[in-house]
J.: 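I have a structure I would like to understand better, so I am pasting it below and will then ask my questions one at a time.
What's counted below: heavy atoms across the whole structure, side chains too, no hydrogens, waters or symmetry copies.
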Amino acid sequence: MSSSLPYSVKDVHYDNAKFRQRSYLKVMTQNLLTGSRKRYCLSCSTGKFLVLLLIFGLAYLFLTSTPVHVPNQVAKVSESNEKGEFKINGGINFKNLWRRAPRLPPRLPPDEKGSNTSYHIDPNMLVSESLWISRQQKVKDAFIHAWSGYKRYAMGNDELMPLSQTGTDGLGGLGATIVDALDTAMIMGASDIVSEAGSWVEKHLLDRIKEKGDPKYSVAAMKVLEHMKSLPKVEGLVPIYISPDTGDFIGETIRLGSRGDSYYEYLLKVWIQKGMRENNNFTYLHDMYEEAMKGVKHLLVRKSVPNGLVFVGELPYGSNAAFSPKMDHLVCFLPGTLALGATKGMSRDEAMRKSLLSFDDLENLKLAEDLAKTCFEMYEVTSTGLAPEIAYFHTEEYSEQGLSGGNKKSKYIDDIIIKSLDRHSLLRPETVESLFVLHRITGNPKYRAWGWQIFEAFERHTKVSSGGYTSLDDVTSIPPRRRDKMETFFLGETLKYLYLLFGDSSAIPLDQYVFNSEAHPLPIEGNTPMK
């Protein structure tokens with residue numbers, strides 16, 4: 001006799017009533033209808049038929065009034081219970097009296113009855129939507145705190161030095177923090193900051209604003225991409241340097257970290273922003289993106305030992321030389337880009353229903369989720385819970401001892417290597433950007449939980465009481481050494497993505513807007529412009 005199939009989560013969600021044990025009375029009535037007396041009962045008088053109907057009604061009421069016990073199954077999660085405790089509702093549900101009885105599930109084999117098997121659901125993932133709204137407000141509070149320090153000590157400068165309580169100009173002296181933070185304030189509804197930032201921009205950058213929308217900039221940018229289309233590549237991958245004089249690539253270093261990341265990001269995002277139409281003047285960008293991602297998977301993706309974290313390494317001397325298991329935090333933009341390229345901004349479920357996902361799309365989406373886990377573990381492995389600027393990965397060919405992140409509770413402490421010169425954190429946005437995109441596309445609550453854990457680490461170790469947040473020199477030590485710098489992208493990107501991650505998915509939908517590499521949302525051509 002073959003074993004029956006086990007219950008599924010879908011069965012549990014369908015209707016708990018079908019798990020009830022059948023009583024002796026129900027068995028007798030069923031035998032009455034299916035046994036040798038069936039022909040006699042069908043010919044009985046109206047009175048006997050009514051008596052039989054009454055017996056059935058009493059039996060059904062008796063069964064529905066019995067509290068339901070579903071061993072080891074999830075019935076209903078209380079939305080107000082942050083610990084993820086499960087409760088089962090019993091008693092009569094009169095709506096169920098009028099609905100058709102559900103089918104019975106397959107019975108468990110005798111050796112599985114009474115077992116203690118249960119589905120694993122992390123209680124940390126099951127928090128109410130109202131809690132995420134309150135966490136979103138905490139991100140907004142952090143943005144206001146960061147802005148207050150900048151406004152008090154560095155208004156008009158590019159960046160704030162929060163420990164020194166002064167400003168610094170390293171980005172041209174154009175008030176870069178103001179420019180970067182303005183649309184974050186708009187998205188968060190921080191009207192006072194919008195007014196302050198907007199007034200400064202109008203006063204100091206008005207001449208530059210007048211050139212906004214001039215098509216000459218778009219034409220110049222597209223000429224660069226069209227030129228790069230004609231250059232030789234290695235399975236779609238390109239060196240990180242190009243000569244402004246000859247227009248040819250210089251050197252052989254291939255990586256998706258510093259100096260290389262935005263090229264691959266914009267192959268996809270420019271095509272999306274231009275409307276994602278097939279056979280138009282921008283289709284070549286999508287073709288270049290797809291070729292490059294195949295090259296990434298073939299030449300740059302590896303797994304660490306002993307626990308198999310998927311990471312993207314580098315080819316510092318070209319494709320014919322040694323592979324380096326080095327991965328910048330900047331590479332953590334890639335999970336979000338891969339997911340966006342797979343579904344074009346719609347949810348995975350919608351894309352599946354419409355049969356829009358190819359095999360390559362599904363493969364890229366799986367790689368995106370694997371890489372997002374690696375990026376999160378780069379945070380989890382350190383003593384502070386914040387990722388270093390650069391990590392190396394232990395492989396069969398590469399290993400260094402005594403360079404762990406410091407969190408001995410991490411499963412991956414032996415997989416991730418953090419060298420002394422790479423231990424700083426600039427409060428970068430790439431990981432939370434990918435968590436935001438993946439949560440929108442997959443709906444998996446773990447990406448929110450990971451994002452909240454990262455935000456809490458920012459609050460613990462980088463917040464400056466007088467205003468602002470500061471970069472760190474060493475994320476592997478407690479307390480961490482502070483660096484006295486608040487990068488513009490912390491307000492313009494990191495806090496923006498965290499705010500959107502914890503908020504409603506209808507805000508700035510990814511099938512109508514695309515975020516550029518500085519996290520500024522641009523409407524996709526042909527869609528409704530942002531209000």
J.: Tell me which one of Arg428, Arg423, Lys419 satisfies salt bridge (Lys or Arg N to Asp or Glu O under 4.0 Å) with Glu389.
T.: Arg428
J.: Check whether Thr395 reaches the backbone of Glu397 with its side chain - one donor and one acceptor, N or O, closer than 3.5 Å.
T.: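 Indeed, once roles are kept as given, a pair shorter than 3.5 Å links the two residues.
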J.: Can you establish whether the number of heavy atoms outside Met186 located under 6.0 Å from its atom CE is more than 12?
T.: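 Not more than 12 within 6.0 Å, no.
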J.: How far apart are the closest heavy atoms of Leu357 and Asp361, and which atoms are they?
T.: CA-OD2, 3.7 Å
J.: Between Val296 and Leu256, is any pair of side-chain heavy atoms under 4.5 Å apart?
T.: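 A side-chain contact under 4.5 Å exists here.
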J.: When you measure from the side chain of Thr476 to the backbone of Gly405, do you find a donor-acceptor pair of N or O atoms at a distance under 3.5 Å?
T.: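 A pair under 3.5 Å: no.
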J.: Among side-chain atoms of Asp360 and Ser358, is any donor-acceptor pair under 3.5 angstrom?
T.: no
J.: For Gly492, is there any backbone N or O sitting under 3.5 Å from a side-chain donor or acceptor partner on Lys496?
T.: yes
J.: Just wondering, are more than 12 heavy atoms of other shown residues or ligands nearer than 6.0 Å to CZ in Arg208?
T.: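 Counting neighbours around CZ of Arg208, 12 or fewer heavy atoms of other residues, nucleotides or ligands fall under 6.0 Å, so no.
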J.: Could you tell me whether Asn281 atom CG has more than 12 heavy atoms of other residues or ligands within 6.0 Å of it?
T.: no
J.: With distance as the sole test, does Asn364 use its side chain to make a donor-acceptor pair with the main-chain N or O of Ala342 at under 3.5 Å?
T.: no
J.: Less than 4.0 angstrom from a charged side-chain N to a carboxylate O is my criterion; do Asp370 and Lys366 meet it?
T.: yes
J.: Answer yes when Glu290 and Lys294 have at least one side-chain N-carboxylate O distance shorter than 4.0 Å, and no when they do not.
T.: no
J.: Is the shortest side-chain heavy-atom distance between Asp261 and Val331 below 4.5 Å?
T.: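 The answer is no; the side chains never approach within 4.5 Å.
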J.: Parallel, tilted or perpendicular for Phe311 and Phe393, by the 30°/60° rule?
T.: parallel
J.: Do other residues, nucleotides or ligands put more than 12 heavy atoms under 6.0 Å from the NZ atom of Lys151?
T.: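 No, because the 6.0 Å sphere around NZ of Lys151 holds 12 heavy atoms or fewer from other groups.
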J.: State the CG-OG1 distance between Leu338 and Thr343, to the nearest 0.5 angstrom.
T.: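 The distance works out to 11.5 Å.
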J.: Are side-chain heavy atoms of Tyr289 and Trp271 found at a separation under 4.5 Å?
T.: no
J.: Does a sphere of radius 6.0 Å around OH in Tyr284 hold more than 12 heavy atoms from other residues, nucleotides or ligands, not counting ones at 6.0 Å or beyond?
T.: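 Enclosed.
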J.: In this structure, are over 12 heavy atoms from other groups packed under 6.0 Å from Leu206 atom CG?
T.: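 Correct, the count exceeds 12.
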J.: Which heavy atom of Ile416 sits nearest a heavy atom of Glu377, and at what distance?
T.: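 Nearest pair, atom of Ile416 first, then Glu377: CD1-O, 3.7 Å.
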J.: Indicate whether any N or O donor in one side chain lies under 3.5 Å from an N or O acceptor in the other, for Tyr412 and His394.
T.: no
J.: Scan Asp169, Thr166, Thr168 and name whichever one has a side chain to side chain donor-acceptor pair (under 3.5 Å) with Asn157.
T.: Asp169
J.: When you measure from the side chain of Ser425 to the backbone N and O of Leu472, does any donor-acceptor pair fall under 3.5 Å?
T.: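 The answer is no, because no donor-acceptor pair under 3.5 Å joins these two groups.
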J.: Taking all non-hydrogen atoms of both residues into account, name the closest pair between Leu438 and Ala339 and its distance.
T.: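 Heavy atoms only, the tightest pair is CD2-CB, 3.7 Å.
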J.: Go through the steps to decide whether Trp452 and Leu501 satisfy the test side chain to side chain contact (heavy atoms under 4.5 Å, CB included), and finish with yes or no.
T.: CA-CA 9 Å; Trp452 177 249; Leu501 171 62; over 6 Å; no
J.: With a 4.5 Å heavy-atom cut-off, do Phe249 and Met228 have their side chains touching?
T.: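 Result yes, sub-4.5 Å side-chain heavy-atom pair found.
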J.: Determine whether Thr494 and Glu487 satisfy the following criterion, side chain to side chain contact (heavy atoms under 4.5 Å, CB included), listing intermediate values before the conclusion.
T.: CA-CA 10 Å; Thr494 306; Glu487 304 282 347; over 6 Å; no
J.: Taking the side chain as C-beta and beyond, is there a heavy-atom pair between Ile478 and His461 under 4.5 Å?
T.: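 Ile478 reaches His461 side chain to side chain.
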J.: Cation-pi check, Arg302 to Phe323: give yes when NZ or CZ is under 6.0 Å from the six-membered ring centre and within 45° of the ring axis, no otherwise.
T.: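 Judged by the rule, Arg302 and Phe323 form a cation-pi pair.
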J.: Can you tell me if Gln273 uses its side chain to pair, donor with acceptor, with the backbone of Pro523 under 3.5 Å?
T.: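 Indeed, once roles are kept as given, a pair shorter than 3.5 Å links the two residues.
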J.: Mind running salt bridge (Lys or Arg N to Asp or Glu O under 4.0 Å) on Lys297 and Glu363 for me, showing each step along the way?
T.: CA-CA 10 Å; Lys297 288 182 283 188; Glu363 189 177 69; 2.8 Å; yes
J.: Might you point out which heavy atoms bring Pro239 and Ile250 nearest each other, and give the distance in Å?
T.: CB-O, 4.0 Å
J.: Inspect the contact between Lys326 and Asp328 and indicate whether a charged nitrogen and a carboxylate oxygen are less than 4.0 angstrom apart.
T.: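 Here Asp328 pairs with Lys326 in a salt bridge, since their nearest N and O are under 4.0 Å apart.
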J.: Just say parallel, tilted or perpendicular for the rings of Trp450 and Tyr447, cut-offs at 30° and 60°.
T.: perpendicular
J.: Tell me if a side-chain donor or acceptor on Ser230 pairs with a main-chain N or O of His227 at a distance below 3.5 Å.
T.: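 Yes: the side chain of Ser230 pairs with the backbone of His227.
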J.: Quick one: pull up CE in Met346 and CG in Leu510 and give me the separation to the nearest 0.5 Å.
T.: 11.5 Å
J.: Taking side chain as C-beta onward, heavy atoms only, is Val270 less than 4.5 Å from Met222?
T.: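 Counting from C-beta outward, Val270 and Met222 do come under 4.5 Å.
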J.: Any idea how Phe490 and Phe458 line up, ring-wise: parallel (<30°), tilted (30 to 60°), or perpendicular (>60°)?
T.: perpendicular
J.: Give a yes or no on whether the backbone of Leu491 and the side-chain of Thr184 come within a donor-acceptor separation of less than 3.5 Å.
T.: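 Looks like yes, one N/O pair under 3.5 Å.
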J.: Salt-bridged, Glu459 to Lys138, with N to O below 4.0 Å?
T.: no
J.: One pair to check against side chain to side chain contact (heavy atoms under 4.5 Å, CB included): Lys446 and Lys373. What are the steps and the verdict?
T.: CA-CA 10 Å; Lys446 72 181 180 183; Lys373 175 176 174 57; 5.9 Å; no
J.: Can any side-chain N or O of Lys463 pair as donor or acceptor with the backbone N or O of Arg460 at less than 3.5 Å?
T.: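 Side chain of Lys463 to backbone of Arg460: no pair is present.
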J.: Which pair of non-hydrogen atoms, one from Lys485 and one from Pro162, has the smallest distance, and what is that distance?
T.: N-CD, 3.8 Å
J.: With Thr488 as reference, evaluate Asp180, Asp158, Thr177 under the side chain to side chain donor-acceptor pair (under 3.5 Å) test and give the passing residue.
T.: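 One option only clears the test, and that one is Asp180.
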J.: Going through the distances and angles, do Met188 and Ile144 end up as a side chain to side chain contact (heavy atoms under 4.5 Å, CB included)?
T.: CA-CA 10 Å; Met188 292 183 177; Ile144 293 172; over 6 Å; no
J.: Please determine, by modelled atom types, if Ser517 and Tyr266 share a side-chain donor-acceptor pair under 3.5 angstrom.
T.: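 Their side chains do contain a donor-acceptor pair, which is all the 3.5 Å distance test asks for.
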J.: Please indicate whether Lys303 has more than 12 foreign heavy atoms, meaning atoms of other residues, nucleotides or ligands, lying under 6.0 Å from its NZ.
T.: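 12 or below, so no.
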J.: Are Met155 and Tyr150 side-chain neighbours, meaning at least one heavy-atom pair lies under 4.5 Å?
T.: yes
J.: Side chains of Trp132 and Gln136 only: does a donor on one sit below 3.5 Å from an acceptor on the other?
T.: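 No.
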J.: Does any part of the side chain of Leu362, heavy atoms only, come nearer than 4.5 Å to the side chain of Met352, both counted from C-beta?
T.: yes
J.: Judged by atom type as modelled, is there a donor-acceptor pair below 3.5 Å linking the side chain of His329 to the main-chain atoms of Cys375?
T.: no
J.: Pair His439, Phe502 - check ring-ring contact (aromatic ring centres under 6.0 Å, His included), show working.
T.: CA-CA 10 Å; His439 179 260; Phe502 301 150; 9.0 Å; no
